[in-house]
Amino acid sequence: MNHRILGAAAVSVLVAGLVMALGVAPREVAQGNVQRIMYVHVPAILIGYLAFAVVLVASVAYLVRRGESADRLAHASAEVGVVFTGINIATGAIWGKSTWGTWWTWDARLTSVAIMFVIYLGYLLLRGMLEDRERAARFAAVLGIVAALDIPLVHFSVYWWRTLHQPPTMLKPGAAAMAPAFAGALAVNVVAFALLYTYLVLKRVHVLRLEQEVLA
Amino acid sequence: MPDHWGFVLAAYGLTAVVLAAYWRHLVRRERELAALRPRRPNPGPATGAAQGSPS
């Protein structure tokens with residue numbers, strides 16, 4: 001699919017998601033309107049998980065076949081994943097301040113997300129530090145596989161430790177606990193973020209290819 | 001609980017700014033690199049044989 005068409009589709013669904021989140025979805029009884037931050041906060045971490053899962057798969061593919069396209073995909077997905085995880089942490093801090101009264105607490109969920117963010121920042125730094133492209137790709141692929149171990153740790157931290165953070169809204173065992181009006185708005189925003197992720201990754205892959213052509 | 005619309009707008013505004021800034025960074029980098037990219041040699045005018053004309 002053409003980049004522009006995908007970008008236009010992502011923007012259209014983002015606008016629809018914004019209307020659903022701020023206009024259509026009802027006001028939550030316990031938290032009030034501040035709960036609307038969820039429609040950005042939750043999709044951001046789900047896309048972060050997706051991005052880092054793609055890094056894992058592309059890293060394995062690179063180590064097996066040594067294809068440059070797999071390496072470029074891992075690099076691009078890690079960078080976009082860091083952007084989405086950063087958004088998740090920042091919006092979580094804003095939500096935390098209004099509901100818990102604090103921007104940050106060393107809670108198991110918050111701490112494990114912060115560790116995941118720093119690990120993937122380190123992944124990007126490692127790629128930037130090594131001049132030999134093949135060596136950088138190989139080391140990054142190993143780190144991309146090891147780093148993925150943190151994804152289930154982040155997601156299940158709310159079950160494994162006593163935390164201030166609520167249990168997962170999505171990707172949890174059992175029936176959905178959310179009313180359809182909230183779930184619908186959340187689903188539209190997850191789709192919007194997924195489209196935006198795909199667009200940004202394809203764009204970053206294209207830029208990486210251009211960088212390699214120029215530096216070759 | 002009071003409605004903290006300011007927090008909601010801050011969260012959405014921050015998200016929009018971060019995503020727009022990252023997208024702009026990619027577009028700028030793409031333009032810079034496209035300008036630096038070595039041009040492929042021009043294949044030159046097509047020959048009659050290439051056009052399929054009878055010889």
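What you are looking at is a predicted structure, and each value in this text was computed from that prediction instead of being measured. Note on naming: letters A, B, ... go to the chains in the order of the sequence lines (proteins, then strands), and numbering restarts at 1 for each one. No hydrogens, no waters, no symmetry mates; every other heavy atom, side chains included, goes into these values.
Between A:Trp103 and B:Phe7, the two ring planes are tilted [angle within 30° to 60°]. Note: A:His41 and A:Trp95 have perpendicular aromatic rings, judged against thresholds of 30 and 60 degrees for the angle between ring planes.
Only the side chain of A:Leu196 comes within less than 4.5 Å of a heavy atom of chain B; its backbone N, CA, C and O stay farther away. Of the atoms belonging to B:Leu14, it is side-chain heavy atoms, and not backbone ones, that fall under 4.5 Å from chain A. Looking at B:Tyr22, only its side chain comes within 4.5 Å of chain A, counting heavy atoms on both sides. Contact annotation for A:Tyr199: only side-chain heavy atoms (C-beta onward) come within less than 4.5 Å of a heavy atom of chain B. Contacts of A:Leu200 with chain B are made by both backbone and side-chain atoms, with heavy-atom separations under 4.5 Å.
Counting heavy-atom neighbours within 6.0 Å of B:Arg28 CZ, excluding the residue itself, gives a total of 12 or less.
Ion pairing between A:Glu213 and A:Arg209 fails under the 4.0 Å rule for side-chain N and carboxylate O.
Distance alone, capped at 3.5 Å, is enough to place a donor-acceptor pair between the A:Ser112 side chain and the A:Arg109 backbone.
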